[in-house]
Amino acid sequence: QVQLQESGPGLVKPSETLSLSCTVSGGSIRSYYWSWIRQPPGKGLEWIGYIYYSGNTYYNPSLKSRVTISVDTSKNQFSLKMSSVTAADTAVYYCTRDESLWYFDLWGRGTLVTVSS
Amino acid sequence: DIVMTQSPDSLAVSLGERATITCKSSQSVLYNSNNKNYLAWYQQKPGQPPKLLIYWASTRESGVPDRFSGSGSGTDFTLTISSLQAEDVAVYYCQQYYNTPRTFGQGTKVEIK
């Protein structure tokens, strides 16, 4: 079955750029939307943005100025970059399959990114 | 943004008893043209990612036990666990997909009494 796996540095310095990738295995990245969602420790869920396999994107307006999501169909991967991070960006970051821009039916296990010097 | 408010923040229920969680949206998530409520429920067990339980307010995802049910319309929704099992200990979230950005409730923690 389709599985998602996040990867990337677990520690990022303040003001630098957070970079994560999500590898889709067991299925094709094509014909689906894919989203990033984050969860600060002990807190709730925040949708960051989505990308379609064709490259179309949409970001949460609250994060739009700092976020870029891209896709590499040849690697069956999509990626997240978030610039100018602060401690408030410390969170578990999840990649998800986004069913028709409705609900999120598949989730990666998540990766904790800590912003600290 | 549509604000989703869940209640209670936590509840403790005896094994085999009913657990009820409510979710209220700051505006209707009922799309009149298709009469569908754009609302989903998720379960998050400790140390795990959220898992989709219910979508369209009342449709169970494949493989979800039938003790989980969703109801409601417009702005008021309920997730019911008809007979709580030990494996149901988790935090439950509602999520609206009527508008962008999609937003989640703050979560309700369900524990065993």
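Note on naming: letters A, B, ... go to the chains in the order of the sequence lines (proteins, then strands), and numbering restarts at 1 for each one.
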Residues of residues 21-49 of chain B within contact distance of chain A, non-hydrogen under 4.5 Å =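 The list, in residue order, reads Tyr38(B), Ala40(B), Tyr42(B), Gln44(B), Gln48(B), Pro49(B).
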
Taking non-hydrogen atoms and a cut-off under 4.5 angstrom, which of residues 73-91 of chain B neighbour chain A?
->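 Heavy-atom contacts from residues 73-91 of chain B to chain A are absent.
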
Between [X] (side chain only) and [Y] (backbone N and O only), is there a donor and an acceptor less than 3.5 Å apart?
X         : Y        : answer
Gln6(B)   : Asp9(B)  : no
Arg102(B) : Tyr97(B) : no
Thr59(B)  : Trp56(B) : no
Glu61(B)  : Tyr55(B) : no
Asn76(A)  : Ile29(A) : yes

[X], [Y]: one ILVMFWY side-chain cluster at the under-4.5 Å cut-off?
X        : Y        : value
Trp47(A) : Leu53(B) : yes
Tyr58(A) : Ile37(A) : yes
Ile2(B)  : Leu45(A) : yes

For chain B, which residues of residues 7-17 of chain A have heavy atoms nearer than 4.5 angstrom =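 None at all.
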
Among residues 101-117 of chain A, which ones touch chain B with a heavy-atom distance under 4.5 Å?
->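 Residues of residues 101-117 of chain A touching chain B at under 4.5 Å: Leu101(A), Trp102(A), Tyr103(A), Phe104(A), Asp105(A), Trp107(A), Gly108(A), Arg109(A).
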
Contact leader toward chain A among Pro101(B), Pro50(B), Gly107(B), where contacts are heavy-atom pairs under 4.5 Å =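 Top count of heavy-atom pairs under 4.5 Å with chain A: Pro50(B).
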
Could you tell me which non-hydrogen atom of Gln39(A) sits nearest to which non-hydrogen atom of Tyr94(A), and how far apart they are?
->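 The answer is OE1-OH, 3.4 Å.
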
Minimum-distance pair of heavy atoms, taken over all atoms of Val13(B) and Ala19(B) |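 Closest approach of Val13(B) to Ala19(B), heavy atoms only: CG2-CB, 3.9 Å.
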
Which bit of [X] comes within less than 4.5 Å of chain B, counting heavy atoms only: side chain, backbone, both or neither?
X        : result
Ser35(A) : side chain
Glu99(A) : neither
Tyr59(A) : neither

Might you work through the side-chain contact (heavy atoms from CB on, under 4.5 Å) test for Val110(B) and Tyr92(B), ending with a clear yes or no?
-> CA-CA 8 Å; Val110(B) 174; Tyr92(B) 293 84; 3.6 Å; yes

Determine whether Tyr50(A) and Ile69(A) make a side-chain contact, defined as any pair of heavy atoms from C-beta on separated by less than 4.5 Å.
->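 Result no, sub-4.5 Å side-chain heavy-atom pair not found.
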
Side-chain heavy atoms of Asp98(A) within contact of Tyr32(A), under 4.5 Å |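 Answer no - side chains too far apart.
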
Might you work through the side-chain contact (heavy atoms from CB on, under 4.5 Å) test for Arg66(A) and Lys64(A), ending with a clear yes or no?
-> CA-CA 5 Å; Arg66(A) 300 193 292 127; Lys64(A) 182 179 180 179; over 6 Å; no

Between Lys109(B) and Glu111(B), is there a side-chain N and carboxylate O pair less than 4.0 Å apart?
->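 Salt bridge between Lys109(B) and Glu111(B), a charged N being under 4.0 Å from a carboxylate O: yes.
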
Polar contact flag, side-chain donor to acceptor under 3.5 angstrom, Thr23(A)-Gln5(A) =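 Per modelled atom types, Thr23(A) and Gln5(A) side chains form no pair under 3.5 Å.
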
Can you find a side-chain donor-acceptor pair between Tyr93(A) and Arg38(A) that sits under 3.5 Å?
->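 Short answer, yes.
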
Parallel, tilted or perpendicular: which fits the ring planes of Trp34(A) and Phe78(A), with parallel below 30° and perpendicular above 60°?
->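 The rings of Trp34(A) and Phe78(A) sit tilted, inter-plane angle from 30° to 60°.
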
